[in-house]
Amino acid sequence: MTSLLEAEEICKSFSGNAVLKKVSLKLEGGECLALVGENGAGKSTLMKIFSGIYKMDSGKLKIQGEDTKITSPGDAKAWGVSIIHQELSLIPNLTVAQNIFLGKEITGAFGIDDKAMEVKAGELLKKLGIAIEPDTSVVQLTVAQQQLVEIAKVLAGDARIIIMDEPTAALSFEETAKLFAIIENLKKDGKGIIYISHRLEEIYRIAERICVLRDGKIIDTFTPEVPVSQVVEAMVGQSIKNYYPKKKTEPGDVVLEVKGLGDGKHYHDISFTVREGEVFGIAGLVGAGQIPLARGIYGTGRFRTGEIFVKGKKMTRHSPKESISSGMALVTESRKEEGLVLSMSVKENIGLSPWAPMKYAGGIIDEGRERETAERSVQEYGIKTDSIFKEVMLLSGGNQQKVVLAMILVTEPDVVIMCEPTRGVDVNGKVEIYQIINQLLARKKAVLLISSEIPEVLGMSDRIAIMNKGRIVRETEEKLTEEEVMFFATGGHERG
């Protein structure tokens, strides 16, 4: 049977550095092929070749048995190849319908027919089970809703080969389930899906084959019957015996206390404490209110009721400035949008905080101390870079995240709030970030860990709270299973 897509010995180099080394793979119609590997393994480069963003240096590409030359995104579209990027590419001031039909607008006697596009977009969204009005401006949508529109946009183009790069990163449990249902329908229609994700539990649910890329080479291809540990070992080149290397420490005094916190919209009547040397984890589906809660505690969001105490002292002004002065730090859920200045160097990002101990009186930067602090942070947190003067945008996702941690930890906070600290980070990078959490615990810091990855919360927390519809519905020190957490996170306590 002729394969839908066949790549033969694809090679690609940048400035003499070989990124892809004779990569060969096949994609059959009606299958989902998962492509996994660490950041920097070559996944994105290979997908950019398939989608016409990059040109291969050598090799062959066939689509439905026919030799193919893809030298531009237009070529890829003509051959039926579409990609859903991890970084959204929608135009905010246009409507959902206008974005879906961008570049393929429906026209009438008087030019572009917006009404016709809204009708067609509405039919497509309904078919996909996406409850978004087609005349809504994209700027009004949540990140998760924008991701669903991005998916609808690709499917409107009648692609045969669909590449999905971390498509569930911002989706809720229900939205992820919808996406998986869409993927199953696409497979039934004979489409081929290349699915890239660091979430191996997802891959095991939807993929027929798992292809491992490491250092620019295909290492092996597995079926979902093999153990996860075997896939991970192929990805990193060594056995990782403990994905969640949490070290047990003896908790000390209460450092953070939250009493009856609520904003009247996203979260309600939230109370908990976090102690020295302890990780307090909050689990919940995307949209359960945990991210607005973190912002409310830190001061980038507002709460209407309740109180916050740090080391027994009540916070009164409730602003990031007061939080930092009180000994609090926040790792935001989006490092690229809120955590880093990507065009600046590692050194400059680490020294960004006005509270960093590298300023003279009057705020003038002590460049010697800034350089010394950056070099120490690179060593302490294992940031892989050939220079502290390197632009952060050139680092892998895991190393960018470690720069974020270095930047906020340089002020030696007592409470560290971590929102989705390993989102978009590969297996090795996750373990390294978990080791940084262990370092914080050894220094008697208190960690508030907020993550939609339930195994992460279970593996790295001393105590956990589970949120559903903006409320804590279970708090415990017991070791719960993923199924038990999901029961409460999806409202099982209400159903009985």
Side-chain angles (χ1 to χ4, degrees), residues 1-10 12 20 23-35 42-56 59-90 97-107 117 120-121 123-125 127-128 130 147-167 179-197 206-209 211 213 218 221:
M1 187 176 72
T2 302
S3 298
L4 189 57
L5 178 144
E6 187 171 355
E8 298 179 5
E9 298 194 341
I10 303 290
K12 181 65 180 177
L20 296 176
V23 171
S24 299
L25 60 79
K26 292 182 180 181
L27 173 68
E28 307 296 342
E31 82 161 340
C32 177
L33 174 68
L35 186 64
K43 304 187 300 297
S44 295
T45 300
L46 183 61
M47 294 307 103
K48 286 176 180 177
I49 286 173
F50 290 164
S51 57
I53 298 169
Y54 291 159
K55 295 179 184 178
M56 69 178 93
K60 290 183 179 179
L61 193 61
K62 293 182 180 181
I63 293 179
Q64 291 187 318
E66 189 174 346
D67 286 337
T68 306
K69 286 191 181 298
I70 295 179
T71 59
S72 70
D75 288 344
K77 186 178 175 182
W79 282 100
V81 180
S82 287
I83 183 168
I84 300 168
H85 292 282
Q86 185 177 0
E87 307 300 330
L88 301 177
S89 59
L90 302 176
Q98 288 168 335
N99 270 281
I100 287 175
F101 289 100
L102 191 63
K104 46 184 182 290
E105 289 82 2
I106 299 173
T107 57
M117 290 195 298
K120 286 283 187 184
E123 291 171 355
L124 176 63
L125 292 168
K127 181 181 176 183
L128 297 175
I130 300 172
Q147 181 71 76
L148 293 172
V149 172
E150 193 83 64
I151 291 165
K153 178 180 174 181
V154 165
L155 298 183
D158 197 29
R160 290 173 292 175
I161 298 164
I162 301 164
I163 302 165
M164 298 186 177
D165 187 2
E166 297 282 357
L179 174 62
F180 290 170
I182 291 168
I183 289 173
E184 290 303 323
N185 287 331
L186 291 171
K187 290 193 288 187
K188 288 175 186 175
D189 289 343
K191 314 280 188 183
I193 315 292
I194 299 178
Y195 192 94
I196 300 172
S197 178
I206 60 167
E208 278 69 39
R209 292 184 298 134
C211 187
L213 193 63
I218 298 293
T221 301

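Numbering starts at 1 and runs along the sequence shown.
Checking side-chain atoms of T68 against main-chain N and O of E66 turns up a donor-acceptor pair under 3.5 Å. The backbone N or O of S3 lies less than 3.5 Å from no partner atom in the side chain of E6, so there is not a single donor-acceptor pair. For K191 (side chain) and A159 (main-chain N/O), a donor-acceptor pair under 3.5 Å exists by modelled atom type. Formation of a donor-acceptor pair under 3.5 Å by the E123 side chain with backbone atoms of A121 is not found in this model. Side chain of S24 to main chain of E9: a donor-acceptor pair is present (N/O by atom type, distance under 3.5 Å, no hydrogens or angles).
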Stepwise side-chain contact (heavy atoms from CB on, under 4.5 Å) check, I162 with I84:
CA-CA 8 Å; I162 301 164; I84 300 168; 4.2 Å; yes

Derivation and outcome, salt bridge (Lys or Arg N to Asp or Glu O under 4.0 Å), residues E208 and K187
CA-CA 11 Å; E208 278 69 39; K187 290 193 288 187; 2.9 Å; yes

side-chain contact (heavy atoms from CB on, under 4.5 Å) assessment of Q147 paired with L179:
CA-CA 10 Å; Q147 181 71 76; L179 174 62; over 6 Å; no

What verdict does the side-chain contact (heavy atoms from CB on, under 4.5 Å) test give for K62 and L5, after you've listed the backbone C-alpha separation in whole Å, the side-chain angles of each residue and the deciding distance to 0.1 Å?
CA-CA 6 Å; K62 293 182 180 181; L5 178 144; over 6 Å; no

Check the pair D75, K69 against side-chain contact (heavy atoms from CB on, under 4.5 Å), reporting the backbone distance first and the verdict last.
CA-CA 8 Å; D75 288 344; K69 286 191 181 298; over 6 Å; no

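Under the salt bridge (charged side-chain N to carboxylate O under 4.0 Å, His left out) criterion, K77 pairs with no residue at all, not counting sequence neighbours.
No side-chain heavy atom of I193 sits under 4.5 Å from any side-chain heavy atom of E31. Proximity of I151 to I130: side-chain heavy atoms (C-beta onward) are nowhere separated by under 4.5 Å. Contact annotation: the side chain of I161 never approaches that of F50 to less than 4.5 Å [non-hydrogen atoms, C-beta and beyond].
For the atom pair CD1 (I218) and SG (C211), the distance works out to 3.5 Å, reported to the nearest 0.5 Å.
For the pairing with E150, the side-chain contact (heavy atoms from CB on, under 4.5 Å) check across N99, L155, L90 returns one residue only, L90.
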